[in-house]
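Since the structure comes first, as structure tokens, the remarks are kept for the end.
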Amino acid sequence: MAIRRRGIEHIHPESELIPFKFISPTYGVYKENLKEWANENFVSKRFPKKGYISEEEKAKIKLFFERRKNEFPEGSSFLIPLLSDLKENFGVIYIEYMEEISKLSEFSPAFILGVATFYTMLEGFDGKAEIYVCNSLPCHLKGSEEILKKLREKAEGKEVEVREWVCLGRCEFAPVVHIPYTEKSFGEVKEEDLERIIQTALEVCPWRKNKK
Ligand code: FES
């Protein structure tokens, strides 16, 4: 059984054709992402409606839009960097933000949502800080599965979302953990590092800092 999401064909996560816990990064994503995407509530959870948009938010979106449109004037090429700005600044890209971009550009909110849902790093988790745990082959062989499990246990009840990720390009330091939208990466991670990683994520997360 196959599902088609984001233009790529994947084996269905529940399929018996995949007896392994780990799927090669060749597939581009992991089973848990596939399950998430197969969930019909995916969009409303990761790109929810806020119900309103403040003047301050509108002003910021306009500022980011003008900057990115100036930088990338061709077609829709400004959209990914702009959505990335919104994620970095607000933590969640609400539907209302996409409607605001739509008013400023020639693209419909549906088109913008289509772009946003293609990139997992743009998904929001209620404004929680995020931690990426690489689980591609070199990190997997160095115990990233256990790191992922332990990190999730320790993050339970905290304002942190631990996400399974693909190669972060620092395989020589496997297993690798990264705090997105920051310069912070941790190599050769061990169980005793996990509390410090969670604490760092809470402190350096850009959208949490913006709220203070
Ligand atoms: S496989 Fe983990 S950083 Fe490359």
Side-chain angles (χ1 to χ4, degrees), residues 21-23 25 28-33 35-37 42 45-48 50 56-57 60-61 63-64 67-68 80-94 97 116-212:
K21 200 148 185 234
F22 175 73
I23 299 179
V29 287
Y30 291 94
K31 270 174 93 173
E32 66 178 44
N33 297 71
K35 276 185 184 161
E36 170 101 329
W37 292 345
F42 163 73
K45 269 166 60 191
R46 299 292 163 247
F47 301 95
K50 194 177 188 193
E56 193 190 338
E57 286 168 314
K60 271 189 181 170
I61 292 168
L63 195 76
F64 291 139
R67 192 179 72 188
R68 292 308 191 178
I80 298 169
L82 173 59
L83 289 168
S84 195
D85 288 341
L86 299 190
K87 165 76 190 195
E88 182 176 353
N89 198 76
F90 300 112
V92 177
I93 305 174
Y94 293 101
Y97 296 174
T117 52
F118 195 86
Y119 297 95
T120 51
M121 74 279 194
L122 296 175
E123 293 167 14
F125 293 81
D126 302 324
K128 284 181 179 175
E130 290 171 34
I131 298 174
Y132 294 171
V133 180
C134 173
N135 204 7
S136 288
L137 192 57
C139 284
H140 189 77
L141 293 173
K142 289 282 197 166
S144 58
E145 191 78 26
E146 197 55 20
I147 293 292
L148 187 61
K149 189 171 149 246
K150 292 263 162 57
L151 203 47
R152 282 191 169 140
E153 283 168 11
K154 288 188 188 296
E156 190 92 8
K158 299 193 174 116
E159 284 290 295
V160 184
E161 184 70 25
V162 178
R163 306 184 68 188
E164 184 180 17
W165 212 254
V166 287
C167 182
L168 293 160
R170 296 179 175 116
C171 320
E172 68 272 36
F173 302 112
V176 177
V177 168
H178 175 64
I179 301 171
Y181 296 90
T182 76
E183 300 288 310
K184 295 269 179 203
S185 289
F186 301 84
E188 296 170 0
V189 174
K190 296 179 190 60
E191 196 180 335
E192 54 265 36
D193 303 322
L194 303 185
E195 286 293 355
R196 182 169 59 94
I197 291 173
I198 291 174
Q199 208 42 48
T200 308
L202 288 167
E203 281 163 19
V204 301
C205 170
W207 50 89
R208 284 175 56 89
K209 280 211 264 184
N210 279 345
K211 270 193 190 160
K212 285 177 188 165

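Quick caveat: nothing in here was measured; it's all calculated off a predicted structure. Scope of the values below: all heavy atoms of this structure, side chains included, with no hydrogens, waters or symmetry mates.
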Would you sort out whether Lys128 and Val160 count as a side chain to side chain contact (heavy atoms under 4.5 Å, CB included), showing the intermediate values? CA-CA 5 Å; Lys128 284 181 179 175; Val160 184; 5.8 Å; no
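- Contact between Ala155 and Val162 at its shortest, heavy atoms only, is CB-CG2, 3.8 Å.
- Here the closest heavy-atom approach between residue Cys139 and residue Pro175 is recorded as SG-CA, 3.8 Å.
- Counting heavy atoms of neighbouring residues, nucleotides and ligands inside a 6.0 Å radius, atom NZ of Lys60 exceeds 12 of them.
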Side chain to side chain contact (heavy atoms under 4.5 Å, CB included) between Glu164 and Arg152: does it pass, once the steps are laid out? CA-CA 10 Å; Glu164 184 180 17; Arg152 282 191 169 140; 4.2 Å; yes
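- No more than 12 heavy atoms of other residues, nucleotides or ligands lie within 6.0 Å of CD in Glu183, so this atom counts as exposed by the packing criterion.
- Separation of atoms OG (Ser136) and CG (Leu141) is listed at 10.5 Å; rounding is to 0.5 Å.
- Distance check: Cys134 SG to His140 NE2 gives 11.0 Å after rounding to the nearest 0.5 Å.
- A distance-only check finds no donor-acceptor pair linking the side chain of His178 to the backbone of Ile131 [under 3.5 Å].
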For Val177 and Tyr132: C-alpha separation, side-chain torsions, deciding distance, then whether side chain to side chain contact (heavy atoms under 4.5 Å, CB included) applies. CA-CA 6 Å; Val177 168; Tyr132 294 171; over 6 Å; no
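- Evaluation of the ring pair (Phe, Tyr, Trp, His ring centres under 6.0 Å) rule for Phe186 yields no partner, not counting sequence neighbours.
- In this structure, CG on Leu194 lies 5.0 Å from CD1 on Ile147, to the nearest 0.5 angstrom.
- Side chains of Ile179 and Thr200 form a contact here, defined as non-hydrogen atoms less than 4.5 Å apart.
- Ion pairing between a basic and an acidic side chain is recognised when a charged N comes within 4.0 Å of a carboxylate O; Lys190 and Asp193 show no such pairing.
- Checked for salt-bridge contact, Lys50 and Glu57 meet the test: a charged N lies under 4.0 Å from a carboxylate O.
- Proximity of Cys171 to Val176: side-chain heavy atoms (C-beta onward) are nowhere separated by under 4.5 Å.
- In this structure, Glu192 places its CD atom where more than 12 heavy-atom neighbours from other residues, nucleotides or ligands lie under 6.0 Å away.
- Taking CZ of Arg46 as the start and OG1 of Thr120 as the end, the distance is 11.5 Å to the nearest 0.5 Å.
- In this view, Lys158 and Glu195 satisfy the salt bridge (charged side-chain N to carboxylate O under 4.0 Å, His left out) rule, not counting sequence neighbours.
- Screening residues 188-212 for ring-ring contact (aromatic ring centres under 6.0 Å, His included) gives Tyr181-Trp207 as the qualifying pairs, with residues at least two apart or on separate chains.
- For the pair Asn210 (side chain) and Asn89 (backbone), a donor-acceptor distance under 3.5 Å is present.
- Rounded to the nearest 0.5 Å, atoms CZ (Arg68) and CG (Leu63) are 11.0 Å apart.
- By the salt bridge (charged side-chain N to carboxylate O under 4.0 Å, His left out) test, Glu191 is found to be paired with Lys150, residues two or more places apart in sequence or in another chain being considered.
- Sorted by first and then second residue, the salt bridge (charged side-chain N to carboxylate O under 4.0 Å, His left out) pairs with a member in residues 129-141 read Lys87-Glu130, Glu130-Arg163; sequence neighbours excluded.
- Cys205 is not listed as a side-chain neighbour of Thr182, based on a closest heavy-atom distance of 4.5 Å or more.
- Considering only residues two or more places apart in sequence or on other chains, Arg170 meets the salt bridge (charged side-chain N to carboxylate O under 4.0 Å, His left out) condition with none of them.
- Here the closest heavy-atom approach between residue Ile61 and residue Leu82 is recorded as O-CD1, 4.5 Å.
- The distance from atom CD of Glu88 to atom CG of Leu83, rounded to the nearest 0.5 Å, is 13.0 Å.
- Other residues, nucleotides and ligands contribute at most 12 non-hydrogen atoms within 6.0 Å of the NZ atom of Lys142.
- Here the two rings, on Tyr97 and Phe90, have centers that are under 6.0 Å apart.
- For Asp85 and Arg67, the salt-bridge test passes: some basic side-chain N is under 4.0 Å from an acidic carboxylate O.
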Please evaluate residues Leu151 and Val133 with respect to the criterion side chain to side chain contact (heavy atoms under 4.5 Å, CB included), reporting the C-alpha separation (whole Å), side-chain torsions for both, the decisive distance (0.1 Å), and the verdict. CA-CA 9 Å; Leu151 203 47; Val133 180; 3.6 Å; yes
